[in-house]
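In what follows, every chain begins at residue 1, and chains take the letters A, B, ... in the order their sequences are listed.
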Amino acid sequence: MSPRLARVLTHLYPPAWRARYAEEFRKFLEARYVSPSGVLNVVGRAAVEHLLEDWRYALILIPLLLSAEGALYFASGHTPGQAMTQHPMAAAVWLAMEGGALLMLLWAGLIVAPLTWIGTSKPARAAIVFGFAAFVFLQYLPWRLTSPGLAGSLSFIDSLTGGVGVFLLGYFAKGMLIEFQTFDPQDPDDFDVEDVEMLQKHEPKNLEGFSLRFGVLGAKKWGPARLECLRLSSMILGMALCSVQDCRLLSLVGHGLLPAWLIVGSNILIFWDGILRRPETK
Amino acid sequence: MLASLADGPKHGHAMIDDIEQLCGARLGPGTLYGAIARLEKQKLIEPLPEEDRRHPYRITAAGARLLRAKLTTLNHFARSGLRRLQPYGKGLEAT
């Protein structure tokens with residue numbers, strides 16, 4: 001990493017942390033190749049260190065983010081056109097939220113789709129494709145096709161379907177991760193796939209059995225780190241979208257969770273970084 | 001990280017590689033130094049003098065005790081579980 005970028009990233013950390021680790025951390029970053037996901041990791045951890053150093057940052061920062069984006073969300077209207085005519089800042093926020101939705105779709109396509117494909121039967125794959133297409137339509141297209149008058153009702157339907165869908169995905173991912181945490185990625189023969197398939201055969205409706213098979217096969221091919229990305233993203237998005245189910249006003253909270261979108265975006269990078277990563281220079 | 005340091009002092013680069021070999025997870029730089037800061041604050045690891053622009057760490061006696069306690073618990077759990085599965089063999093039916 002270039003010395004200049006290393007200095008900038010180090011400076012993101014709080015003063016007390018820098019007093020102890022700045023020089024060491026900067027040398028560490030300069031001495032190795034740091035991928036884009038690694039840069040995001042540093043930025044994210046810097047934010048965490050600020051919060052750990054002074055928990056009052058969270059009390060100030062989170063309500064500010066939610067309030068600002070919520071206010072701009074309502075001020076921007078329900079279509080990009082209305083937002084554009086009102087204020088450039090409102091238009092920028094709208095585009096940022098649209099970007100968040102696009103990010104979620106990319107995450108679904110780039111992570112969920114390949115990981116779920118390997119552990120499912122043909123009917124299940126068809127259900128996944130159909131469900132994903134319905135999810136895209138219900139979450140995204142109505143904003144483009146309807147008038148502002150219907151936007152309120154459609155946003156509730158969007159929230160309900162999206163929240164239920166992602167909540168189920170989060171449950172599935174959580175069950176999978178809990179089940180395979182005893183699985184040793186260094187010794188894949190430790191887990192017998194035949195046993196897992198037998199479990200699924202005898203208990204086809206057992207979600208944990210299905211998720212275990214998925215987890216075993218997924219871990220063998222992609223490793224537990226990427227499956228952890230799926231679990232965390234699913235849980236965070238599930239929580240965010242479930243909050244929107246309750247009430248129209250709670251879309252302030254759902255759409256205000258910008259960190260959730262950032263985490264999803266970083267998880268996309270983490271997932272594919274391991275596959276496309278260049279060899280590190282030592 | 002404690003398990004990685006258990007077999008000798010290491011700097012950050014070596015810890016990242018060793019942890020990836022141990023458990024398949026590649027720590028980001030931010031995660032690594034966040035953990036170093038936390039463990040050092042809890043006096044479970046301690047820094048050693050700088051060598052060739054690298055800063056090695058070693059596990060402390062307290063860190064070794066904590067690691068031993070954690071691994072003993074996990075080992076006990078694994079042995080108990082495997083012992084209970086012995087009557088079932090591979091066929092998942094009690095013999």
Notebook entry, point to check: Where on B:Leu27 is there a heavy atom nearer than 4.5 Å to chain A: the side chain, the backbone, both, or neither?
Noted result: neither
Note to self: Please give me the minimum heavy-atom distance between B:Gly30 and A:Asn41, naming the atom from each residue.
What the structure shows: N-OD1, 2.7 Å
Check: Which residues, numbered in order, of residues 1-14 of chain B come under 4.5 angstrom of chain A by heavy-atom distance?
Finding: B:Gly12, B:His13
Item checked: Within 6.0 Å of CZ in A:Arg18, more than 12 heavy atoms from elsewhere -> yes
Check: So do A:Glu24 and B:Tyr33 actually touch side chain to side chain, heavy atoms under 4.5 Å?
Finding: yes
Item checked: A:Phe28 side chain reached by B:Ile16 side chain, heavy atoms, under 4.5 Å -> yes
Notebook entry, point to check: Heavy-atom distance under 4.5 Å between the side chains of A:Arg20 and B:Pro47, does that happen here?
Noted result: yes
Next item on the list: Give, for atom OH of A:Tyr21 and atom CD of B:Glu40, the distance between the pair rounded to the nearest 0.5 Å.
Entry: 3.5 Å
Next item on the list: Name the region of A:Leu9, side chain, backbone, both or neither, that has any atom closer than 4.5 Å to a heavy atom of chain B.
Entry: neither
Check: Can you check side-chain contact (heavy atoms from CB on, under 4.5 Å) on A:Lys27 and B:Arg54, steps first, answer last?
Finding: CA-CA 8 Å; A:Lys27 289 178 186 173; B:Arg54 296 189 173 190; over 6 Å; no
